[in-house]
**Student:** 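One structure is given below, represented as structure tokens, and several questions about it will come after.
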Amino acid sequence: SQQGEEDPQALSIQEGENATMNCSYKTSINNLQWYRQNSGRGLVHLILIRSNEREKHSGRLRVTLDTSKKSSSLLITASRAADTASYFCAPRTGANNLFFGTGTRLTVIP
Amino acid sequence: NAGVTQTPKFRVLKTGQSMTLLCAQDMNHEYMYWYRQDPGMGLRLIHYSVGEGTTAKGEVPDGYNVSRLKKQNFLLGLESAAPSQTSVYFCASSYDREQFFGPGTRLTVL
């Protein structure tokens, strides 16, 4: 399977805390992307990390990639109630298709 | 720019009925995709298109047909709806890397 697998399935934290989500995959990739989905909405692209990159930042988001372990992590710092959503990783192989996992449901408690 | 739009937003069908879901994008993207999202299953790719006049099968194409007669539109058809096709359907488009998603169509087949 080319899908990413997110861990944990669900995460509940207090506002202001950091949230870390992990993603594992099985094939060689060109890049790996993270998306957010608010309840009942379409997915929104958050960040892309290329296979030759090890870490990338965007605002309060930090993504790491370890191709030797075929894993990635997404860190959201200083979480806010508005960060409550499902987060998906999507490895991309040679084609343009992405393979989404089942996601991590993050709940940030005000 | 409207981005990616989907029509309709909701639909209820009876088993055996047919319908077409319309996806439109105004970003001049070459690639377009149809996914379905079911509880606990993540997003699964149904069909995709790499350009006007082209279509290809994804992970779960059975029971669906697609057409891309115009670059900006990608149609998903259900010829004879079945209860197993009850799902939320998302359309997406991309130029190269990130995908842009529509708001989804919630389809119930009774």
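Heavy-atom basis, side chains included; hydrogens, waters and symmetry copies ignored. Throughout, protein chains are lettered first and strands after them, A, B, ... in sequence-line order, and every chain is numbered starting at 1.
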**Student:** Side chains of B:Y33 and A:N97: does their closest heavy-atom pair fall under 4.5 Å?
**Tutor:** yes

**Student:** Answer with yes or no whether the hydrophobic clustering places A:L11 together with A:L75; edges join I, L, V, M, F, W, Y residues whose side-chain heavy atoms lie under 4.5 Å apart.
**Tutor:**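 Result: no, two separate clusters.
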
**Student:** By number, which residues in residues 100-110 of chain A have some heavy atom less than 4.5 Å away from chain B?
**Tutor:**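 Listed by number, the contacting residues are A:F100, A:G101, A:T102.
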
**Student:** Report which part of B:Y35 has an atom under 4.5 Å of a heavy atom belonging to chain A: side chain, backbone, both, or neither.
**Tutor:** side chain

**Student:** Could you see if A:L98 belongs to whatever hydrophobic cluster contains B:Y89? Use Ile, Leu, Val, Met, Phe, Trp, Tyr and a side-chain cutoff under 4.5 Å.
**Tutor:**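 No, it is not one cluster - the side chains of A:L98 and B:Y89 are not joined through contacts under 4.5 Å.
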
**Student:** Run through the side-chain heavy atoms of Ile, Leu, Val, Met, Phe, Trp and Tyr, join any pair under 4.5 Å, and report what else lands in B:L110's cluster.
**Tutor:**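 Members alongside B:L110: B:V12.
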
**Student:** Atom CD of residue position B:E52 - does it have more than 12 heavy atoms of other residues, nucleotides or ligands inside 6.0 Å?
**Tutor:**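 Yes - once you tally the heavy atoms of other residues, nucleotides and ligands closer than 6.0 Å, there are more than 12.
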
**Student:** Please flag which part of B:L43 lies under 4.5 Å from any non-hydrogen atom of chain A: side chain, backbone, both or neither.
**Tutor:** both

**Student:** For the residue pair B:Q37 / A:Q37, report whether a side-chain donor-acceptor contact shorter than 3.5 Å exists.
**Tutor:**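 Yes, a side-chain donor-acceptor pair sits under 3.5 Å.
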
**Student:** Examine B:V4 and B:F74 and state if one hydrophobic cluster contains both, with Ile, Leu, Val, Met, Phe, Trp and Tyr joined whenever side-chain heavy atoms are less than 4.5 Å apart.
**Tutor:**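 As far as the 4.5 Å side-chain criterion goes, B:F74 and B:V4 are not connected within one cluster.
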
**Student:** Quick check: are there more than 12 heavy atoms from other residues, nucleotides or ligands sitting under 6.0 Å from CZ of B:R44?
**Tutor:**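 For B:R44, atom CZ is crowded (more than 12 foreign heavy atoms under 6.0 Å).
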
**Student:** Among B:S94, B:G104, B:P103, who wins on heavy-atom pairs under 4.5 Å with chain A?
**Tutor:** B:P103

**Student:** Please output the residues of residues 62-72 of chain B in contact with chain A, using a heavy-atom cutoff of under 4.5 Å, in numerical order.
**Tutor:** none

**Student:** Using the rule given for side-chain contact (heavy atoms from CB on, under 4.5 Å), can you reason through A:R92 versus B:Q99, listing the C-alpha separation, both sets of side-chain angles and the distance that settles it, and then say yes or no?
**Tutor:** CA-CA 11 Å; A:R92 177 181 160 180; B:Q99 292 187 11; over 6 Å; no

**Student:** According to a hydrophobic-cluster definition based on side-chain heavy atoms being under 4.5 Å apart (Ile, Leu, Val, Met, Phe, Trp, Tyr only), do A:I29 and A:W34 belong together?
**Tutor:** yes

**Student:** What about B:M32 and B:I46, same hydrophobic cluster or not, with Ile/Leu/Val/Met/Phe/Trp/Tyr joined at side-chain heavy-atom distances under 4.5 Å?
**Tutor:** yes

**Student:** Please give me the minimum heavy-atom distance between A:Q33 and B:E98, naming the atom from each residue.
**Tutor:**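 Looking at all heavy atoms of both residues, the shortest contact is OE1-CA, 3.5 Å.
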
**Student:** Taking 4.5 Å as the heavy-atom cut-off, does anything in residues 42-61 of chain A contact chain B, and if so which residues?
**Tutor:** A:G42, A:L43, A:H45, A:L48, A:R50

